[in-house]
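Right, one structure below, let's go through it.
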Amino acid sequence: MAMPQSHLAVFTISVAADLAGMQIQNLRVYERRGLIEPARTSGGTRRYSSADVECLVRIRELLEEGLNLAGIERVLELEQEVRDLRRRVSEASEASAGPLRNA
DNA sequence: CTTCTGACA
DNA sequence: TGTCAGAA
């Protein structure tokens, strides 16, 4: 199966800001506030992955919903927790719900 | 073009 | 929360 989004692409801050519909300065602000932590090149330049860009879009949407940066940080944290829990459940289900294990 | 910090509305 | 200054 083909994967819709190849999470292999990386962007500079200017491109990431453009894709997310944000100002470059705001991306740096969000990082200072602890909402995002993009990877860095050996030279220190931020390198935003497509996952980071998607995260930025979520940040913008939550901001438009009226949340402040502190609230958004909690939302992103909880979303990650839910994602992790669902993964664990999926794995547990996969391990026990086999085709009639030792009846 | 990019980085950072401090300050301010 | 976002923007600006200033230095690197």
Side-chain angles (χ1 to χ4, degrees):
Chain A
M1 298 99 186
M3 240 195 310
Q5 258 89 32
S6 67
H7 299 70
L8 296 172
V10 290
F11 315 95
T12 61
I13 192 172
S14 58
V15 176
D18 186 53
L19 293 175
M22 293 170 165
Q23 302 293 318
I24 294 177
Q25 286 286 351
N26 289 340
L27 266 59
R28 297 199 181 103
V29 169
Y30 300 152
E31 184 178 16
R32 235 202 297 198
R33 298 298 204 218
L35 273 73
I36 53 176
E37 302 192 46
R40 300 298 189 100
T41 65
S42 55
T45 302
R46 293 177 179 79
R47 311 192 77 258
Y48 292 84
S49 66
S50 52
D52 290 328
V53 173
E54 290 175 21
C55 185
L56 288 173
V57 172
R58 262 179 298 139
I59 289 174
R60 204 197 58 231
E61 291 174 344
L62 292 171
L63 282 172
E64 291 172 351
E65 287 178 29
L67 283 78
N68 58 27
L69 296 186
I72 293 175
E73 183 175 13
R74 303 278 289 102
V75 170
L76 294 178
E77 182 180 306
L78 292 172
E79 284 183 348
Q80 181 184 348
E81 193 172 325
V82 170
R83 206 185 313 275
D84 187 52
L85 287 173
R86 288 162 72 93
R87 182 184 59 76
R88 290 170 186 263
V89 169
S90 176
E91 289 179 355
S93 155
E94 210 172 298
S96 60
L100 278 189
R101 44 153 191 161
N102 60 0

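Chain letters run A, B, ... following the sequence lines, proteins first and then strands; every chain starts at 1. Predicted model, so just to flag it, every value in this text is computed and none were measured.
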For [X] and [N], give me the distance from atom [atom1] to atom [atom2], rounded to whole Å.
X	N	atom1	atom2	value
A:Q25	B:dA9	CD	P	18 Å
A:R28	B:dA7	CZ	P	19 Å
A:N26	B:dC4	CG	P	15 Å
A:D18	B:dT2	CG	C1'	17 Å
A:E31	C:dG2	CD	C1'	16 Å
A:L27	B:dC1	CG	C1'	15 Å
A:I24	C:dT3	CD1	C1'	13 Å
A:R60	C:dG2	CZ	C1'	16 Å

Quiz item: Do A:V10 and A:Y48 sit in the same hydrophobic cluster, where Ile, Leu, Val, Met, Phe, Trp and Tyr count as joined when their side-chain heavy atoms come under 4.5 Å apart?
Solution: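 No, because A:V10 and A:Y48 fall into different hydrophobic clusters, even though each may have its own neighbours under 4.5 Å.
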Exercise. Evaluate the side-chain proximity of A:Q25 to A:R28: yes if any heavy-atom separation is below 4.5 Å, no if none is.
Key: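 Result yes, sub-4.5 Å side-chain heavy-atom pair found.
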Self-check item: Backbone N/O of A:V29 and side chain of A:N26: donor-acceptor pair under 3.5 Å
Solution: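 Flag not set: sc A:N26 to bb A:V29 has no pair under 3.5 Å.
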Quiz prompt | B:dT2 phosphate, OP1 or OP2, under 4.0 Å from A:S14 side-chain N/O | solution =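 Answer is yes, contact under 4.0 Å.
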Quiz prompt | Salt bridge present between A:R58 and A:E61 (N-O < 4.0 angstrom) | solution =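 Not counted as a salt bridge, because no side-chain N and carboxylate O are separated by less than 4.0 Å.
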Exercise. Return the nearest nucleotide to the side chain of A:T12; candidates are B:dT2, B:dT5, C:dG2.
Key: B:dT2
Self-check item: Distance-minimising heavy-atom pair for A:V57 and A:A20
Solution: CG2-CA, 4.2 Å
Practice problem: Output, in order, the C-alpha distance, side-chain angles, deciding distance and verdict of salt bridge (Lys or Arg N to Asp or Glu O under 4.0 Å) for A:E91 and A:R88. | Solution: CA-CA 5 Å; A:E91 289 179 355; A:R88 290 170 186 263; over 6 Å; no
Practice problem: Specify the residues of residues 39-47 of chain A, ordered by number, for which at least one heavy atom lies under 4.0 angstrom from an atom of DNA chain B. | Solution: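 When residues 39-47 of chain A is checked for heavy atoms under 4.0 Å from DNA chain B, the hits, listed by number, are A:R40, A:G44, A:T45, A:R46.
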